[in-house]
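Comments concern the structure below.
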Number of protein chains: 2
Amino acid sequence: MPTAPVSARDRLVAAAFDLFDVRGFDETTVDDIAKAAGVGRTTFFRHFGSKESVIFPEHDDLLARIAGRLDAGDAASSDVAVSEAARLVLRYYVGEGDRARIRYRLISSVPVLKAREIASIRQYQSLFARALSGWAEDDVDAVLRAELLASAIVTAHNHVLRRWLRGEVDDPEDAFGHAMSVVLEQARGAGQGGAGETTVVVVRGGSTPEQVAAAVQRTLKGQ
Amino acid sequence: MPTAPVSARDRLVAAAFDLFDVRGFDETTVDDIAKAAGVGRTTFFRHFGSKESVIFPEHDDLLARIAGRLDAGDAASSDVAVSEAARLVLRYYVGEGDRARIRYRLISSVPVLKAREIASIRQYQSLFARALSGWAEDDVDAVLRAELLASAIVTAHNHVLRRWLRGEVDDPEDAFGHAMSVVLEQARGAGQGGAGETTVVVVRGGSTPEQVAAAVQRTLKGQ
DNA sequence: AAAAGATGTGGTACTCAGTACCGTACTGGC
DNA sequence: GCCAGTACGGTACTGAGTACCACATCTTTT
């Protein structure tokens, strides 16, 4: 068979991950990647603004999807909106599988990549904060509370993702649900302190009632 | 008088801030900075690993001071320790005055500097998280809660610092105290399960509300 | 006082990321 | 057929960052 029918962009990403993984980030030049992908150096920079960006090839897409999910939410269901938006990111990375693991290794060992990842995460966080801030009622501390919740969600997400990447968690969706319960419990707990009410938030669909029940039980016990 | 008795390092920082401010970051080369400071280009890179680093000249010092303050704390006074450590950073930037404002303008307009700042902040956050995690009792969610509190503190700090940089706050120390009260109120409020309200977050769903309700009921009864 | 180190410095040469610009091949539409 | 839009390759350039060498000053040792 001749050249595979994949786009130059995909070949560049594959070649970059491969070379970075076996040879290291600093030891791999953009020329190497381009040659391995069978394209010119110019083409690399046309698709990815920098050598680091090729590690996060769908970052912009993800960002847009998150913005879309947040735009679809409203003040009444803000918790659900932000939870689901964060879940979008989690699912993407989990769905990547090995590629996510290679990225994790690279990020852990190459400072410039770690900085890049942290900056990416902050973009998500800013989207969350802006959405939450827009939904909040007029309070002196509304912006602060929005930023706090946004950072908490991102922290919970990263906590779970990292644990999954290290193989410490089997079901990341489940773990994220639990982490979010911790987050929302805190945020709500201090909200207006209304007593006696019961709030049920169904974050995501796709499982059996038995699984739901088990999740609820874990949540209650975790208290 | 001959050359001022300030060190080459200080002259480099001053020259860099001056040139970045009037001419812009990208339009200023390291050669320009070195020439303006009256030193060679080599000397610049000997003091600052990169062109960005000169914007955060005392970052390592600050990091060490924070680590020191956190090491001086213990589990019983963890809230005080982290608050004071964060205050260290706030005081440093506020004490810088104009330089902090120039940095803020630069960071706001130059993406690579913004990324750098965010990475710096994350280093503080990691210090907080590690300290808090070490102080926490053994809980399944101890690490998560530590990370959440660390991110909340950093978020509160940044919130106040940015407001002060924009001139929206007169007394940053006071504002930070208030922000920290919001943070700690949330963290404590949900800590040991304050009585009265009940928040249930169902992790996975997708069935009808009736099924969820039934599942919840079974869960509660089964407990 | 002389030798030996430590430290800070300047200069040169090199690699490589990133940009600008130009020419070319391949599309679809008229 | 022509033409516009798009994707690609090549060349040349700027500038960040590294490696290495030479020099000057200062302190310590003998």
Check for a donor-acceptor pair, side chain of [X] on one end and backbone N or O of [Y] on the other, with a separation under 3.5 Å.
{"X": "A/S77", "Y": "A/G73", "result": "no"}
{"X": "B/T43", "Y": "B/V39", "result": "no"}
{"X": "A/S181", "Y": "A/H178", "result": "yes"}
{"X": "B/R116", "Y": "B/E52", "result": "no"}
{"X": "A/K114", "Y": "B/A119", "result": "no"}

Would you mind reading off the distance between A/R9 atom CZ and D/dC8 atom P, rounded to a whole angstrom?
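One finds 11 Å between P of D/dC8 and CZ of A/R9, rounded.
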Could you pull out all residues at least two apart from B/D171 that satisfy side chain to side chain donor-acceptor pair (under 3.5 Å)?
none
Residues passing the side chain to side chain donor-acceptor pair (under 3.5 Å) test with A/R122, sequence neighbours excluded, are none
Mind running a 4.0 Å heavy-atom check of residues 19-46 of chain A against DNA chain C and sending the residues that fall below it, in number order?
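Hits under 4.0 Å, by residue number: A/T28, A/T29, A/V30, A/R41, A/F45.
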B/D61, CG: over 12 other non-hydrogen atoms inside 6.0 angstrom
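Yes, the 6.0 Å shell around CG holds more than 12 heavy atoms from other groups.
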First and last nucleotide of DNA chain C in contact with chain A, 5' to 3', at under 4.0 Å to a heavy atom: what are they?
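The protein-touched segment is C/dC16 to C/dT19.
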Can you tell me how far CD of A/Q123 sits from CG of A/L127, rounded to the nearest 0.5 angstrom?
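With rounding to 0.5 Å, CG (A/L127) is 7.5 Å from CD (A/Q123).
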Heavy atom of residues 50-59 of chain B under 4.0 Å from DNA chain D: which residues?
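B/S50, B/K51, B/E52, in order of number.
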Between B/F176 and B/H157, how do the two ring planes meet: parallel, tilted or perpendicular, split at 30° and 60°?
perpendicular
Can a cation-pi geometry be assigned to A/R101 and A/W164, taking NZ or CZ under 6.0 Å from the six-membered ring centre and within 45° of the ring axis?
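Yes, A/R101 lies over the aromatic ring of A/W164.
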B/R162 to B/Y104, cation-pi by 6.0 Å centre distance and 45° axis angle
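Not satisfied by the 6.0 Å and 45° rule.
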Distances for protein N/O vs nucleotides 25-27 of chain D N/O pairs under 3.5 angstrom?
none

